[in-house]
Amino acid sequence: MKPSIPKGTRDFSPTEVANRTYIMNTIKSAFETFGFQPIETPSFENSSTLMGKYGEEGDRLIFKILNSGDFLSKADENYLSDKDSLKVTSQISEKALRYDLTVPFARYVVQHQNEITFPFKRYQVQPVWRADRPQKGRFREFYQCDADVVGSKSLWQEVEFIKLYDTVFSKLGLLQTTIKINNRKILSGIAEVIGAQEKLIDFTVALDKLDKIGKEKVEAEMLAKGISEKAIEKVQPLFNFTGSNLEKLASLEQMLQTSKEGTKGVEELRFVINSIEELGLQSANLQVDVTLARGLNYYTGAIFEVEAPKGVKMGSIGGGGRYDDLTGIFGLKDVSGVGVSFGLDRIYLVLEELGLFKTVDLPKPKVLFVNFGENETLYAMKAIAKLRAENIKSELFPDNAKMKKQMNYANKREIPFVVIVGSREIENQEFTLKNMISGEQNNYNLEELIKELK
RNA sequence: GUGGUUGUAGCUCAGUUGGUUAGAGCGUCGGUUUGUGGUACCGAAAGUCGUGGGUUCGAGCCCCAUCUUCCACCCCA
């Protein structure tokens with residue numbers, strides 16, 4: 001049998017794990033600096049917790065777990081003979097793999113509401129699974145790094161999350177990322193102005209193509225989707241939406257003045273933009289983008305998305321937003337939440353493409369003891385125990401192999417020092433220490449050896 | 001879910017209009033060198049050509065199916 005792993009999954013080599021750990025630790029330490037605390041939730045949840053929370057498309061992408069035992073006997077004969085996959089699935093599968101970290105978190109908040117002090121700031125770094133078709137930067141098993149606050153409606157949280165994004169990407173050396181920001185209330189306002197709530201998605205999708213296909217074709221597409229000419233006329237400012245954030249806000253304000261909700265959205269966005277303007281960012285760019293319509297099903301206020309630096313072809317490396325009623329589905333009303341997610345695997349690919357990993361060192365021993373046989377090994381092991389007690393990473397070559405082979409091993413693993421102990425050294429109670437980079441070698445007693453390797 | 005793409009040794013890849021026993025480089029292992037690595041030279045092992053069918057006197061090469069890889073759409077991290 002040829003060994004293989006399921007599509008969309010990956011093995012990670014020691015180097016890759018070292019690099020991933022570096023990214024993860026950078027993100028976690030930033031989370032903690034901002035006052036977030038870690039929680040973890042199970043890798044699988046009850047299907048009822050997950051199903052219906054991500055829209056129809058999302059339900060299709062959730063990995064379902066087959067019930068144990070004789071599960072078919074409990075399935076309805078009619079559904080089986082009709083080959084009704086959807087209905088059969090709900091009868092033979094009660095559990096499903098986690099699809100994101102936000103919904104399990106909402107479940108957690110409701111379930112533990114009496115133990116939680118609000119506002120609750122939690123972070124979570126765990127894998128999630130999606131039955132998607134893999135492609136560039138898209139996997140079926142990948143890590144999300146989420147930070148959310150629940151129980152505060154303050155817009156300062158939005159400001160904090162933008163600062164958090166900026167902090168993390170600056171620390172990773174990933175400069176010139178673009179943090180796009182929008183507000184769901186502005187989208188609702190636009191829908192109100194064009195008089196077509198249900199056409200909103202078609203509208204933003206078409207508008208998003210503006211710089212690719214040009215104004216005429218975008219208008220043609222909108223007309224084709226059933227958006228009236230009059231409506232398009234009303235939102236003309238969006239077609240010349242190129243200025244600074246403040247200019248964009250001004251034209252949005254003008255355009256949405258008849259919509260109460262839209263005006264509220266502009267106000268919220270203006271607060272965030274002004275605050276960031278005042279506080280400054282280290283390396284990221286903040287950009288108002290009205291075509292940003294991600295996760296439209298549950299975001300109610302701010303919407304975020306982070307784009308990799310220009311020139312790197314990669315989908316978003318982070319996203320998030322404000323959801324006023326996520327815990328409502330689980331029976332806890334009026335708990336507003338806002339949060340962001342970092343896509344670990346995509347950040348990895350971007351850092352790799354830009355060659356930003358050179359600083360990450362593989363964990364490896366500092367010194368290798370050559371194995372010369374039984375007597376010498378015992379002498380070496382006693383020394384190794386002492387070195388390890390001094391926190392010096394040391395190991396013994398396990399077999400009495402040829403010198404050449406043992407030296408070669410040290411070379412391949414890039415172990416910087418080799419200790420040679422044969423009968424000569426034992427006689428003099430010393431150690432021959434060889435520097436594998438310079439080739440130099442000297443004899444030391446144990447005390448001196450520790451000093452040299454410290 | 002739709003469309004395209006890929007698969008030959010551990011890795012990267014050659015392989016002619018279908019024609020004897022499928023090759024190379026790197027890596028691995030052994031030797032030149034049984035107390036000294038990187039270099040050099042010599043040698044060896046390693047492939048049911050993704051899998052299953054089919055066409056043919058004959059298939060790595062042609063046809064069908066299936067799995068896999070990568071990519072685009074959709075959606076998303």
Side-chain angles (χ1 to χ4, degrees), chain A residues 1-10 13 23 27 54-62 85 98-102 124-146 165 177 201-202 205 208-209 292-297 299 303-308 313-321 339-350 368-373 376 397 400-426 431-443:
Chain A
M1 193 187 107
K2 260 200 174 168
S4 66
I5 53 173
K7 89 164 114 175
T9 65
R10 294 147 303 153
S13 68
I23 300 174
I27 295 174
Y54 310 100
E56 205 177 314
E57 182 81 1
D59 282 358
R60 191 170 59 80
L61 297 176
I62 292 173
S85 302
R98 175 170 66 213
Y99 177 87
D100 71 357
L101 301 178
T102 306
Q124 203 171 342
V125 176
Q126 290 192 277
V128 301
W129 295 269
R130 294 183 189 177
D132 220 344
R133 205 186 278 205
Q135 56 180 278
K136 186 168 187 179
R138 170 174 300 194
F139 309 100
R140 282 156 57 122
E141 178 184 61
F142 63 97
Y143 270 76
Q144 285 193 330
C145 314
D146 275 31
Y165 269 138
T177 52
I201 300 216
D202 287 333
V205 165
D208 192 30
K209 296 178 187 163
L292 196 58
R294 62 183 12 268
L296 210 54
N297 18 355
Y299 289 131
I303 305 172
F304 305 116
E305 182 167 299
V306 184
E307 239 176 37
K313 243 187 120 200
M314 179 64 64
S316 61
I317 55 177
V340 294
S341 180
F342 291 79
L344 175 74
D345 304 81
R346 286 184 178 180
I347 292 170
Y348 185 106
L349 292 171
V350 172
L368 174 79
F369 279 64
V370 169
N371 188 325
F372 269 129
E376 291 85 348
F397 194 85
N400 180 9
K402 287 190 179 149
M403 249 309 217
K404 181 181 171 118
K405 187 170 175 158
Q406 302 197 35
M407 296 297 268
N408 220 340
Y409 173 82
N411 237 3
K412 287 271 163 59
R413 288 196 61 195
E414 298 179 315
I415 299 173
F417 293 97
V418 166
V419 167
I420 299 162
V421 277
S423 45
R424 291 208 294 263
E425 283 81 1
I426 296 179
F431 302 86
T432 299
L433 178 68
K434 178 173 177 124
N435 181 322
M436 291 298 279
I437 299 155
S438 65
E440 239 177 283
Q441 66 183 61
N442 290 298
N443 288 11

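Just so it is clear: chains get the letters A, B, ... in the order the sequence lines come, proteins before strands, and each one is counted from 1.
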Re B/rG18: Watson-Crick or G-U wobble partner, both distances kept under 3.5 Å, found to be none
Counting any heavy atom closer than 4.0 Å, what does A/Gly422 reach on the DNA or RNA strands: base, sugar-phosphate only, or nothing?
base
Would you say the base of B/rU36 and the side-chain of A/Gln441 have a donor-acceptor pair closer than 3.5 Å?
yes
Measuring from A/Gln124:CD to A/Leu101:CG, what's the distance to the nearest 0.5 Å?
4.5 Å
Under-3.5 Å donor-acceptor pair between A/Arg346 side chain and B/rC76 base
yes
Is there a Watson-Crick or G-U wobble partner for B/rA24 with both distances under 3.5 Å, and which nucleotide is it?
B/rU12
Work out which heavy atom in A/Gln406 is nearest to a heavy atom in A/Phe369; give both atom names and the distance.
OE1-O, 4.5 Å
Quick check on B/rU32: is either OP1 or OP2 less than 4.0 Å from any side-chain nitrogen or oxygen of A/Lys404?
no
In terms of side-chain heavy atoms of A/Phe372, which of B/rA77, B/rU36, B/rG35 is nearest?
B/rG35
Tell me: OH of A/Tyr409 to P of B/rG27, nearest whole Å?
19 Å
I'd like to know if A/Glu425 reaches the base of B/rG35 with its side chain, counting only an N/O donor and acceptor under 3.5 Å.
yes
Hey, does A/Asn411 reach any base, or is it just sugar-phosphate, or nothing, if we go heavy atoms under 4.0 Å?
base
Write down the distance separating the C1' atoms in B/rU69 and B/rU5, rounded off to the nearest Å.
9 Å
A/Lys313 (side chain) donor-acceptor with A/Lys136 (main chain) under 3.5 angstrom
no
Could you report the tightest heavy-atom contact between A/Gly439 and A/Lys434, atom names first, then the distance?
O-NZ, 4.0 Å
Taking the P atom of each, how far is B/rU48 from B/rU6, in whole Å?
23 Å
Remember a base hit wins even if backbone is also touched, and classify A/Lys7 as base, sugar-phosphate or nothing at under 4.0 Å, heavy atoms.
sugar-phosphate
Minimum side-chain heavy-atom gap A/Tyr99-A/Val128 below 4.5 Å:
no
For A/Met436 and B/rG35, give me the distance from atom CE to atom P, rounded to whole Å.
17 Å
d(CG, A/Asp100; P, B/rC76) in whole Å:
12 Å
When all nucleic acid strands are considered with a 4.0 Å heavy-atom cut-off, which category describes A/Lys412: base, sugar-phosphate, or nothing?
sugar-phosphate
Spacing of the C1' atoms in B/rU66 and B/rA24 (rounded, Å)
32 Å
Test for a donor-acceptor pair under 3.5 Å between the base of B/rC76 and the side chain of A/Arg130, counting only N and O atoms.
no
How far does the P atom of B/rA9 sit from the matching atom of B/rC73, given to the nearest Å?
32 Å
Distance in angstrom units between A/Ile62 CD1 and B/rC76 C1', rounded:
14 Å
Look at all strands and tell whether A/Gly8 reaches a base, only sugar-phosphate, or nothing, counting heavy atoms closer than 4.0 Å.
sugar-phosphate
Provide, to the nearest angstrom, the distance between the CD atom belonging to A/Gln406 and the C1' atom belonging to B/rC29.
16 Å
Any strand counts, and the cut-off is 3.5 Å on both contacts for Watson-Crick or G-U wobble. Which nucleotide pairs with B/rA45?
none
Has the side chain of A/Arg133 got a donor or acceptor atom sitting under 3.5 Å from an opposite partner on the base of B/rG3?
yes
Regarding the side chain of A/Met403, the nearest nucleotide among B/rC75, B/rG37, B/rU36 is B/rU36
Decide if the gap between the ring center of A/Phe342 and the ring center of A/Tyr165 is smaller than 6.0 angstrom.
yes
Using Watson-Crick geometry (N1-N3 plus N6-O4 or O6-N4) or G-U wobble (N1-O2, O6-N3), each under 3.5 Å, B/rC76 is paired with none
Assert: residue with more 5' nearest nucleotide on RNA chain B, out of A/Gly318 and A/Ile420, is A/Ile420
Remember a base hit wins even if backbone is also touched, and classify A/Tyr143 as base, sugar-phosphate or nothing at under 4.0 Å, heavy atoms.
nothing
Test your reading of the model: is there a side-chain donor-acceptor pair from A/Arg140 to the backbone of A/Asp132, 3.5 Å cut-off?
yes
B/rA77 base stacked by A/Phe142? Criteria: ring centres under 5.5 Å, plane angle under 30°.
yes
Rounded to whole angstrom, note down the C1' distance from B/rU16 over to B/rG23.
14 Å
Counting side-chain heavy atoms from C-beta on, which of B/rA72, B/rC75, B/rU36 comes nearest to A/Lys313?
B/rA72
Are the side chains of A/Phe142 and A/Leu344 in touch, meaning some heavy atoms are under 4.5 Å apart?
no
Can you tell me how far P of B/rA77 sits from OH of A/Tyr54, to the nearest Å?
10 Å
For the P atoms, the ones on B/rG54 and on B/rG47, what distance do you get once it is rounded to whole angstrom?
26 Å
If pairing requires Watson-Crick or G-U wobble contacts with both distances under 3.5 Å, which nucleotide is the partner of B/rC70?
B/rG4
Which of these nucleotides, B/rG37, B/rC74, B/rA77, is closest to any side-chain atom of A/Glu57?
B/rC74
In whole angstroms, how far is the C1' atom of B/rA77 from the OH atom of A/Tyr165?
9 Å
Could you tell me the Watson-Crick or G-U partner of B/rC61, where both distances fall under 3.5 Å? Say none if there is no partner.
none
Across the strands shown, which category fits A/Ser423 at heavy-atom distances under 4.0 angstrom: base, sugar-phosphate, nothing?
base
Identify whether any heavy atom of A/Gly58 sits under 4.0 Å from a base atom; if not, whether one sits that close to sugar-phosphate; answer base, sugar-phosphate or nothing.
nothing
Kindly indicate whether the side chain of A/Phe431, heavy atoms from C-beta on, has any atom under 4.5 Å from the side chain of A/Glu425.
no
Are any of A/Gln135's side-chain N or O atoms less than 4.0 Å away from OP1 or OP2 of B/rC70?
no
Checking all strands, does A/Ile317 fall into the base, sugar-phosphate, or nothing category for heavy-atom contacts under 4.0 angstrom?
sugar-phosphate
Between B/rC62 and B/rU55, how many Å separate the two C1' atoms, rounded to a whole number?
8 Å
Pick the P atom in B/rA59 and in B/rG3, then give their distance to the nearest Å.
32 Å
